[in-house]
**Q** 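Before anything else, here's the structure in question.
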Amino acid sequence: MNICVYGASSKTIDAQFTDAGHALGVLIAQHGYGLVFGGGDNGMMGAVACGAHDGGGRVTGIAPRFFNVDGILYPHCDELIYTDTMRERKQKMEDLSGAFIVTPGGIGTFEEFFEILTLKQLNQTKKPLVILSTAGYYDSMFAMMRHTADTNFMSEKTFDLIKIVDTPEQAIEYIEHYVEREVDVEELRQLK
């Protein structure tokens with residue numbers, strides 16, 4: 001199975017985040033999984049890819065052709081798949097993966113997370129979705145989601161579709177013990 005990891009491409013993020021990303025990549029490889037990621041050489045993407053590579057795992061990068069410029073793409077991918085658009089990139093990442101881990105990131109990472117969460121809510125995927133909230137990175141986003149549920153713009157049941165963890169070890173453990181959960185028709189009607 002491949003695990004898709006989403007995360008930042010920023011070169012300027014704190015080492016506590018990239019260290020956790022590297023550890024996650026190593027664990028993915030040690031547990032016999034392949035890594036699917038956005039192909040970037042920097043930030044969380046590069047850290048996770050480097051960790052998976054260091055751990056002896058298979059690394060598959062997926063990037064739009066316009067990213068193919070010096071210093072952008074991770075140079076040690078076992079396979080690098082090019083797409084024409086960002087939308088095609090996301091679809092290919094989803095198609096090749098059996099689970100998703102969201103690491104700290106910016107608006108692109110947020111968008112990827114919310115797309116997979118929406119697909120889970122609509123029973124279009126049943127794959128595990130884990131949020132690695134290193135150093136509480138996603139606390140404020142989940143406070144916003146809590147407010148969304150409290151004001152009836154989102155069902156409380158949406159929180160059952162994701163697992164929020166603090167460490168790479170917890171992320172892998174959740175995936176390894178994941179029990180597929182299908183949202184039933186009545187629940188779908190209640191989801192806002």
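Excluded from the calculations below are hydrogen atoms, water molecules and symmetry mates; all remaining heavy atoms, backbone and side chain alike, are included.
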**Q** Between atom OH of Tyr137 and atom CD1 of Ile13, what is the distance when rounded to the nearest 0.5 Å?
**A**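 The distance works out to 8.5 Å.
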**Q** What are the two closest heavy atoms between Asp166 and Ser133, and how far apart are they?
**A**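 Between these two residues, the closest heavy atoms are OD1-O, 4.2 Å.
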**Q** Using ring pair (Phe, Tyr, Trp, His ring centres under 6.0 Å) as the criterion, list what pairs up with Phe67, not counting sequence neighbours.
**A**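 So Phe67 forms no ring pair (Phe, Tyr, Trp, His ring centres under 6.0 Å) with any residue.
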**Q** Measure the shortest side-chain to side-chain distance between Tyr6 and Phe113 over non-hydrogen atoms and say whether it is less than 4.5 angstrom.
**A**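 No, side chains not in contact.
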**Q** Could Lys163 and Glu173 be called an ion pair, given the rule that one side-chain N must be under 4.0 Å from one carboxylate O?
**A**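 Here Lys163 does not pair with Glu173 in a salt bridge, since their nearest N and O are not under 4.0 Å apart.
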**Q** Please confirm whether the backbone N or O of Asp14 pairs with a side-chain atom of Gln16, one donor and one acceptor, at under 3.5 Å?
**A**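 Flag not set: sc Gln16 to bb Asp14 has no pair under 3.5 Å.
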**Q** If you round to the nearest 0.5 Å, how far is CG of Leu119 from NZ of Lys126?
**A**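 The CG atom of Leu119 is 12.0 Å from NZ of Lys126, to the nearest 0.5 Å.
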**Q** Can you list everything that forms a side chain to side chain donor-acceptor pair (under 3.5 Å) with Thr12? Sequence neighbours excluded, please.
**A**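 In terms of side chain to side chain donor-acceptor pair (under 3.5 Å), with neighbours along the sequence ignored, Thr12 is linked to Ser10.
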**Q** Please enumerate all residues that pass side chain to side chain donor-acceptor pair (under 3.5 Å) together with Asp84, with sequence neighbours excluded.
**A**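 Here the qualifying residues are Arg65.
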**Q** Given side chains that start at C-beta, do those of His31 and Glu176 come closer than 4.5 Å, heavy atoms only?
**A**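 Yes. Closest side-chain heavy atoms under 4.5 Å.
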**Q** Given side chains that start at C-beta, do those of Tyr82 and Ile62 come closer than 4.5 Å, heavy atoms only?
**A**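 Sidechains of Ile62 and Tyr82: no contact.
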**Q** Check step by step if salt bridge (Lys or Arg N to Asp or Glu O under 4.0 Å) holds for Glu115 and Lys90.
**A** CA-CA 9 Å; Glu115 179 169 335; Lys90 289 188 304 177; 2.5 Å; yes
**Q** Any side-chain heavy atom of Met44 within less than 4.5 Å of one from Pro104?
**A**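 In contact.
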**Q** Taking all atoms of both residues into account, what is the closest heavy-atom pair of His147 and Thr151, and its distance?
**A**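 Scanning both residues completely, I find the closest heavy atoms to be O-OG1, 2.7 Å.
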**Q** Please give me the minimum heavy-atom distance between Ala52 and Ala29, naming the atom from each residue.
**A**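 For Ala52 versus Ala29, the nearest heavy atoms are O-CB, 3.5 Å.
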**Q** For a 4.5 angstrom cut-off between non-hydrogen side-chain atoms, does Asp41 reach Ile72?
**A**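 No; the side chains remain at least 4.5 Å from each other.
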**Q** Heavy atoms only: give me the nearest Ala63-Leu73 pair and the separation to one decimal.
**A**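 Looking at all heavy atoms of both residues, the closest pair is CB-CD2, 3.7 Å.
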**Q** What distance do Ile131 atom CD1 and Leu129 atom CG have between them, rounded to the nearest 0.5 Å?
**A**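 With rounding to 0.5 Å, CD1 (Ile131) is 5.0 Å from CG (Leu129).
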**Q** Could you work out, with salt bridge (Lys or Arg N to Asp or Glu O under 4.0 Å) as the rule, every residue matching Glu169, not counting sequence neighbours?
**A**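 If we apply the salt bridge (Lys or Arg N to Asp or Glu O under 4.0 Å) test to Glu169, skipping adjacent residues, there are no hits.
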**Q** Can you confirm whether Gln91 sits close enough to Asp95 that some side-chain heavy atom of one is under 4.5 Å from a side-chain heavy atom of the other?
**A**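 Yes, close enough: below the 4.5 Å cut-off.
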**Q** Any chain of hydrophobic side-chain contacts (each under 4.5 Å) joining Val36 to Val26?
**A**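 No, it is not one cluster - the side chains of Val36 and Val26 are not joined through contacts under 4.5 Å.
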**Q** Quick check against the 3.5 Å criterion: does Ser97 have a side-chain atom that pairs as donor or acceptor with the backbone of Glu94?
**A**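 Flag not set: sc Ser97 to bb Glu94 has no pair under 3.5 Å.
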**Q** Report the hydrophobic cluster partners of Ile101, with the cluster defined as I, L, V, M, F, W, Y residues connected by side-chain heavy atoms closer than 4.5 angstrom, directly or transitively.
**A**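 Once heavy-atom contacts under 4.5 Å are chained together, Ile101 belongs with Met1, Ile3, Val5, Leu24, Leu27, Ile28, Tyr33, Leu35, Phe37, Met45, Val48, Val59, Tyr74, Val130, Leu132, Val165, Ile172, Tyr174, Ile175, Tyr178.
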**Q** Tell me the closest heavy-atom pair linking Gly38 and Arg89, and the distance in Å.
**A**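 Answer, listing the atom of Gly38 first, then Arg89: O-NH2, 2.5 Å.
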**Q** Taking all non-hydrogen atoms of both residues into account, name the closest pair between Met93 and Cys4 and its distance.
**A**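 It is CE-SG, 3.7 Å.
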**Q** Assess whether side chain to side chain contact (heavy atoms under 4.5 Å, CB included) is satisfied between Phe100 and Glu112, documenting all intermediate values.
**A** CA-CA 10 Å; Phe100 305 95; Glu112 290 160 336; over 6 Å; no
**Q** Is it true that a side-chain atom of Gln121 and a backbone atom of Leu117 form a donor plus acceptor pair closer than 3.5 Å?
**A**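 Such a contact is absent between Gln121 side chain and Leu117 backbone.
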**Q** Restricting to salt bridge (Lys or Arg N to Asp or Glu O under 4.0 Å), what partner residues turn up for Glu79, sequence neighbours left out?
**A**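 Checked Glu79 against salt bridge (Lys or Arg N to Asp or Glu O under 4.0 Å); matches are Arg58.
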**Q** Between His22 and Asp54, is there a side-chain donor-acceptor contact under 3.5 Å, judged purely by atom types and distance?
**A**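 Checked: Asp54/His22 side chains pair up, N/O donor to acceptor below 3.5 Å.
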**Q** Measuring only between side-chain heavy atoms, which start at C-beta, is Tyr138 closer than 4.5 Å to Val102?
**A**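 When only atoms from C-beta onward are counted, Val102 and Tyr138 do touch, with a gap below 4.5 Å.
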**Q** Ignoring hydrogens and geometry, is there a side-chain-to-backbone donor-acceptor pair from Thr85 to Glu88 under 3.5 Å?
**A**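 Yes; judged by distance alone, with no hydrogens or angles, the pair exists.
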**Q** So Arg87 and Lys92, side chain to side chain contact (heavy atoms under 4.5 Å, CB included) or not? Walk me through it.
**A** CA-CA 9 Å; Arg87 286 189 178 108; Lys92 191 70 170 173; over 6 Å; no
**Q** Let me confirm one number: the CG-NZ distance from Asn42 to Lys11, rounded to the nearest 0.5 Å.
**A**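 The distance works out to 5.0 Å.
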**Q** Hey, does Ile162 have a side-chain heavy atom less than 4.5 Å from the side chain of Phe142?
**A**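 They are in side-chain contact.
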